[in-house]
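Notes follow the structure.
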Amino acid sequence: MIKILITYLFIFATLSVRAEDGHKLWLRNSNPKPVNAVCTNSSPMLTIAIQELQQGWQGEANALVSLKIIHNKDIFRDGFKMTKNKIQANTEVGILYGVYELLRRQQTGEEIKEAIVNSSYERRILNHWDNIDGSIERGYAGLSIFWKKGKDSLVVTEKDKVLWKEYARANASIGINGAVLNNVNASPLMLSKAYLERVKSIAEVLRPYGIKTYLSVKFSSPSLMGGLKTSDPLSPEVIKWWNDKTREIYGLIPDFGGFLVKASSEGQPGPQDYGRTHADGANMLADALQPYGGIVMWRAFVYSATDKDRAKQAFLEFKPLDGQFRDNVIIQVKNGPVDFQPREPFSPLFGAMKKTTVMPELQITQEYLGQSTHLVFLSTMWEEFLKSDTYQEGAGSTIARCTDGSIFPQKYSAIAGVANIGLDMNWCGHPFAQSNWYAFGRLAWNNQLTSDQIADEWIKLTFHQSALNANQPRFSEDWKMNFLKPVSKMMLQSREAAVNYMMPLGFHHLFSATEHYGPGPWWAPKGMRKDWTPPYYHKADSAGVGFDRTKTGSNAVSQYHEPLLSQLNDVRTCPEIYLLWFHHLPWDYKMKSGKTLWDEIGAHYDNGVKQVREFQKVWDKVQPYVDNERFVQVQEKLHQQSENAQIWKDACLQYFQKFSRKPFPIDIQGPVNDLDELIKEDLGKH
Ligand code: GCW
């Protein structure tokens with residue numbers, strides 16, 4: 001009888017690995033223990049803090065937990081002091097963050113000792129590229145959670161509010177405290193009364209979670225919306241228009257964060273249309289926002305043809321303006337000098353703008369990294385970026401330190417990530433894409449965190465199965481060995497794998513068409529801007545391959561600080577991961593491995609394909625530990641990723657072979673796809 005019962009229990013335990021639609025993200029509070037939470041003050045935000053404790057408490061049953069607003073000068077901004085059962089902060093939002101940290105530590109089994117925890121950046125912001133018709137630029141997880149099409153598009157429903165609340169909670173749980181609600185390619189309608197009313201409703205839901213609302217604005221709004229003859233930033237009527245509009249916005253949303261602006265970039269209007277500089281444009285908006293404490297995030301993603309090398313253009317335009325911006329202007333700079341490629345060296349603007357606040361812009365949505373089909377954990381890419389040494393103020397001037405206020409005196413500090421969130425049930429399309437949202441928040445909070453710590457936390461929070469009885473350890477040794485470890489290893493390798501099968505050794509922008517998904521090193525339609533086509537970037541010819549950005553080439557290296565400049569300039573010291581970014585080299589150039597460049601390129605593509613096949617094996621083995629729904633979803637996506645990786649390899653190697661005229665490297669698997677077929681089918685347009 002007992003045996004039958006045990007068997008029954010065992011079956012039950014196995015079945016209890018329930019189906020999961022992924023909607024709960026990393027917030028899967030299960031079986032909370034009773035807790036007695038008391039707080040000195042009361043407010044909607046503190047009520048949330050208490051509710052969270054009650055819903056997620058995993059500490060001692062019936063513990064007394066005290067939440068207290070204090071004045072402690074070692075706690076900055078929204079930081080907090082934490083012990084096992086006490087959270088103190090100078091602000092309400094500090095208390096909320098302390099609660100989430102305490103719960104996370106309980107849920108992941110991390111040690112909880114007395115500590116003051118402060119954030120690296122003051123502003124930790126998601127940029128949504130959501131259009132007001134509900135579509136999302138570079139969105140791969142369904143339509144917008146904020147905007148929709150149709151005649152009822154501005155009606156705020158209960159369903160909307162529930163979703164916004166879930167969104168706000170997820171963000172707050174990882175410390176994100178700002179959201180830009182619309183695409184940087186902004187519609188002027190965004191600033192109309194009707195849309196601003198909806199923004200107000202969204203802001204009301206986000207506010208108790210400590211999230212400020214921001215908007216992207218179109219620079220020519222005064223003419224397009226206001227009917228003015230010009231949008232010249234120095235024109236008094238334009239200045240007045242923005243002042244009035246800003247006042248109107250703050251009337252609706254008193255804690256409004258400010259504007260994000262894409263100006264004089266990719267066809268968007270900007271101050272240059274009126275013969276003015278970026279500083280003129282940004283300062284005019286900054287002055288309008290200043291009385292209310294708002295900021296302007298002005299993007300440096302510009303590449304008008306001021307130089308033959310697109311990678312140099314943002315620096316050429318912005319560096320001379322250093323010192324000319326108001327102190328509530330932040331220049332938002334993409335991590336790399338070109339555009340969110342699988343791997344780029346950092347943008348030389350970091351550390352070089354010494355009198356201007358600069359914030360990194362990272363891309364969480366995987367525009368160039370397999371979108372919502374490929375499993376790519378971006379944390380390692382961001383960690384590599386944040387730890388890069390600019391040498392601008394001596395060795396150790398990492399990007400993290402140049403941007404978080406450690407090196408330069410600056411009024412604000414900020415970091416942004418382009419969101420990967422949509423209406424899909426699991427928010428991000430790929431179950432593992434949630435880890436990138438999570439990682440962005442965690443790194444924005446603490447830019448010194450390591451990716452293995454982040455992966456470890458995320459896996460524990462996302463895939464933890466509740467124990468059958470309270471005496472079982474939260475994570476069994478078996479689970480850690482056979483699930484946590486292999487899955488974490490797979491995540492940590494995944495970005496390098498993508499670099500290998502897409503564009504290793506400094507290759508960049510080898511995408512077909514403008515979808516930025518599949519390979520197209522050949523793609524160069526007549527009449528297309530050259531710097532939108534792959535041949536511009538790889539420059540393959542019979543002599544070799546790569547973009548010569550050395551002193552004798554485009555001289556992009558000169559935008560970096562010594563000793564990095566010389567290191568990148570010299571082919572013998574340039575890190576091989578950036579080799580073809582900075583050098584044009586013969587196909588039989590000798591690599592550190594002893595292989596020729598051609599063979600080494602082949603080895604990387606081949607390795608990338610093998611790595612993904614390895615991921616498939618890892619995932620197949622962890623089946624007993626995952627609910628069926630997520631298991632199958634990831635399995636199918638890995639299958640597609642594996643096929644795609646093969647296509648990338650076959651396409652790129654066979655294409656470059658036409659220039660190298662060398663045999664396929666003998667120690668790698670030969671192509672299985674025909675190049676002409678691949679060109680015809682064009683995975684880019686998937
Ligand atoms: O990465 C590129 C994208 C565009 C995007 C642009 C930008 C919002 O391909 O879709 O537009 O960058 O960052 O402004």
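Just so it is clear, the structure is predicted and the values come from calculations on it, not from any experiment. Both ligands and their constituent atoms are indexed starting at 1 by order of listing.
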> So W298 and H278, would you call those rings parallel, tilted or perpendicular, with 30° and 60° as cut-offs?
Replying inline: perpendicular

> Checking side-chain contact (heavy atoms from CB on, under 4.5 Å) for the pair K218/Q268: CA distance, chi angles, key distance, verdict?
Replying inline: CA-CA 8 Å; K218 198 173 196 81; Q268 290 296 326; 3.0 Å; yes

> Which of the numbered atoms in ligand 1 are below 4.0 angstrom from a heavy atom of N185?
Replying inline: 8 (C), 11 (O)

> Under 4.0 Å from any heavy atom of K262, which atoms of ligand 1 are there?
Replying inline: 6 (C), 7 (C), 8 (C), 11 (O), 14 (O)

>> Suppose I only count heavy atoms of N183 and a 4.0 Å limit; which atoms of ligand 1 are within that range?
In response: 8 (C)

>> Please tell me whether F146 and Y167 form a close aromatic pair, meaning their ring centres lie under 6.0 Å apart.
In response: yes

> Is R299 near ligand 1, meaning one of its heavy atoms is under 4.0 Å from it?
Replying inline: yes

>> Can you confirm whether M528 is buried at CE, in the sense that more than 12 heavy atoms of other residues, nucleotides or ligands lie under 6.0 Å from that atom?
In response: yes

> Among E367, E137, K334, E515, whose heavy atom sits nearest atom 12 (O) of ligand 1?
Replying inline: K334

> Hey, which atoms in ligand 1 end up nearer than 4.0 Å to a heavy atom of E266?
Replying inline: 6 (C), 14 (O)

> Which heavy-atom pair separates F340 from W129 by the least distance, and what is that distance?
Replying inline: CE1-CH2, 4.0 Å

> Does T514 reach ligand 1, in the sense of a heavy atom lying below 4.0 Å from it?
Replying inline: no

> Among W648, Y537, F656, which one satisfies ring pair (Phe, Tyr, Trp, His ring centres under 6.0 Å) with F507?
Replying inline: F656

>> Set out, in order, the CA-CA distance, both residues' side-chain angles and the distance that settles side-chain hydrogen bond (donor to acceptor under 3.5 Å, both in side chains) for N644 and Y501, then state yes or no.
In response: CA-CA 9 Å; N644 288 177; Y501 64 73; over 6 Å; no

>> I want to know if ligand 1 touches R138 in the polar sense, i.e. an N/O pair below 3.5 angstrom.
In response: yes

>> Within the 4.0 Å heavy-atom shell around D339, which atoms of ligand 1 are there?
In response: 1 (O), 2 (C), 12 (O)

> What atoms in ligand 1 come closer than 4.0 Å to a heavy atom of F301?
Replying inline: 6 (C), 7 (C), 12 (O), 13 (O), 14 (O)

> Which ligand 1 atoms are under 4.0 Å away from a heavy-atom of H516?
Replying inline: 9 (O)

> Does the gap between the ring centers of H561 and F350 come in under 6.0 Å?
Replying inline: no

